[in-house]
Amino acid sequence: MADKAFKYWLLAFVGSSLLYLVIRNMGDMPLEWLPKSIPILLLIALAKNTLQGKTQSLMLAALVCSLAGDILLSFKGLFLPGLGAFLVAQVIYCILFSGQFKKSRNGFIWLAGIILYAVSMGSFIIPNAGPFSWVVGIYLLAISCMAISAGFRNDPKFIWVALGAFIFMLSDTLIAINKFVQPFPYAGVAIMVSYYVAQLMITLGIIRHHLQQQTLGQSSP
């Protein structure tokens with residue numbers, strides 16, 4: 001994508017994200033899921049137009065599952081199906097990141113940090129989740145594996161995707177705290193801002209790495 005076109009795309013992403021935040025703060029509105037979906041639809045369009053092969057397929061699958069989760073969680077009584085859609089997205093992200101695996105010292109440091117965070121949050125949230133405790137535990141395991149695999153990618157600038165993965169964990173932690181532990185002011189804003197930032201960082205990081213690998217392949221003899 002040309003630099004000018006990308007700037008317009010990024011402006012549309014930021015603008016649609018801010019629009020949804022404004023709409024959700026106006027209270028319950030019909031079709032709230034529609035503006036909520038636009039930023040992820042823009043990420044899907046970007047991934048479709050810039051990625052190729054298996055990387056494209058996995059990235060699109062993860063984003064589509066995330067989109068399904070967004071829509072399902074917009075309706076009361078569909079928490080478990082929404083969580084299930086995001087669980088599948090985390091597994092797909094894990095498969096994508098693991099396909100770019102490279103053992104490294106930084107990766108092991110990252111692994112230790114993610115495990116520490118996951119254990120701390122799990123011991124805090126799971127006991128308060130009641131009948132959802134086993135579901136929360138499974139989801140925490142899946143998203144932790146996703147974040148860990150992001151830290152072992154064969155990418156000199158792996159931190160871009162890795163930070164996106166961690167922010168994704170943070171966003172879901174905020175959801176769990178707000179739902180199971182204690183509702184807090186501006187939870188919706190904090191959750192959605194961190195979620196959109198996470199998906200943006202992961203997508204752009206994967207695209208940057210993919211284009212870099214394509215360039216290296218074309219320059220090889």
Side-chain angles (χ1 to χ4, degrees), residues 20 32-34 36-48 50-101 111 114-115 117-118 121-122 125-126 129 131-153 161-180 191-192 194-207 209-210:
Y20 173 67
E32 181 189 337
W33 59 268
L34 186 56
K36 182 182 184 182
S37 303
I38 293 174
I40 304 303
L41 286 170
L42 287 169
L43 289 176
I44 290 172
L46 182 66
K48 187 176 187 304
T50 53
L51 296 174
Q52 296 177 350
K54 184 178 179 181
T55 299
Q56 181 195 63
S57 299
L58 290 172
M59 192 72 220
L60 289 176
L63 288 171
V64 168
C65 288
S66 297
L67 178 63
D70 286 334
I71 295 172
L72 290 168
L73 290 178
S74 296
F75 296 93
K76 294 180 180 178
L78 294 181
F79 175 75
L80 282 181
L83 191 66
F86 274 111
L87 175 63
V88 175
Q90 305 307 342
V91 172
I92 295 171
Y93 271 135
C94 190
I95 293 171
L96 172 60
F97 301 157
S98 297
Q100 302 171 343
F101 177 83
L111 179 147
I114 294 298
I115 290 177
Y117 179 82
M121 290 300 101
I125 294 169
I126 291 175
F132 294 101
S133 58
W134 66 275
V135 179
V136 173
I138 292 173
Y139 186 81
L140 179 60
L141 178 62
I143 198 169
S144 297
C145 290
M146 182 275 290
I148 289 169
S149 62
F152 280 99
R153 292 176 55 252
V161 173
L163 279 177
F166 175 73
I167 295 171
F168 208 145
M169 283 190 75
L170 176 61
S171 179
D172 285 346
T173 299
L174 294 177
I175 293 175
I177 291 173
N178 188 61
K179 184 174 180 65
F180 300 120
I191 289 165
M192 293 310 300
S194 55
Y195 170 68
Y196 286 143
V197 169
Q199 293 279 33
L200 177 66
M201 291 182 69
I202 291 172
T203 303
L204 293 184
I206 290 294
I207 289 172
H209 179 64
H210 180 76

Any heavy-atom pair between the side chains of [Y] and [X] that's under 4.5 Å?
| X | Y | answer |
| --- | --- | --- |
| Gln199 | Ile40 | yes |
| Thr173 | Tyr117 | yes |
| Leu34 | Tyr20 | no |
| Phe168 | Ile143 | yes |
| Thr55 | His209 | no |
| Ile115 | Ile148 | yes |

So, using side-chain hydrogen bond (donor to acceptor under 3.5 Å, both in side chains) as the criterion, who are the partners of [X] when residues are at least two apart?
| X | result |
| --- | --- |
| Gln90 | Tyr139 |
| Thr203 | none |
| Gln56 | none |
| Tyr196 | none |

Measuring from atom [atom1] of [X] to atom [atom2] of [Y], what distance do you get when rounded to the nearest 0.5 angstrom?
| X | Y | atom1 | atom2 | value |
| --- | --- | --- | --- | --- |
| Ile125 | Ile177 | CD1 | CD1 | 5.0 Å |
| Ile191 | Leu174 | CD1 | CG | 5.5 Å |
| Ile167 | Asp172 | CD1 | CG | 12.5 Å |
| Tyr93 | Leu58 | OH | CG | 10.5 Å |
| Leu96 | Met146 | CG | CE | 11.0 Å |
| Phe132 | Leu80 | CZ | CG | 5.0 Å |

Residues passing the side chain to side chain contact (heavy atoms under 4.5 Å, CB included) test with Leu73, sequence neighbours excluded, are Lys36, Phe79, Phe86

Hits for side chain to side chain contact (heavy atoms under 4.5 Å, CB included) against Ala89, two or more places apart or cross-chain, chain-then-number order -> Cys65, Ser66

On a heavy-atom basis, which atom in [X] and which in [Y] lie closest, and how many Å separate them?
| X | Y | value |
| --- | --- | --- |
| Ala47 | Leu60 | CB-CD2, 4.0 Å |
| Leu72 | Gly82 | CB-CA, 3.7 Å |
| Met169 | Ser144 | CE-OG, 3.7 Å |
| Ala150 | Ala165 | CB-CB, 3.8 Å |
| Ile71 | Ser37 | CG1-OG, 3.6 Å |
| Ala129 | Val136 | CB-CG2, 4.0 Å |

Exercise. With side chain to side chain contact (heavy atoms under 4.5 Å, CB included) as the test, would you mind laying out the steps for Trp33 and Leu67 before giving the verdict?
Key: CA-CA 10 Å; Trp33 59 268; Leu67 178 63; over 6 Å; no

Side chain to side chain contact (heavy atoms under 4.5 Å, CB included) test vs Met59 passes for just one of Leu46, Ile206, Ile207, namely Ile206

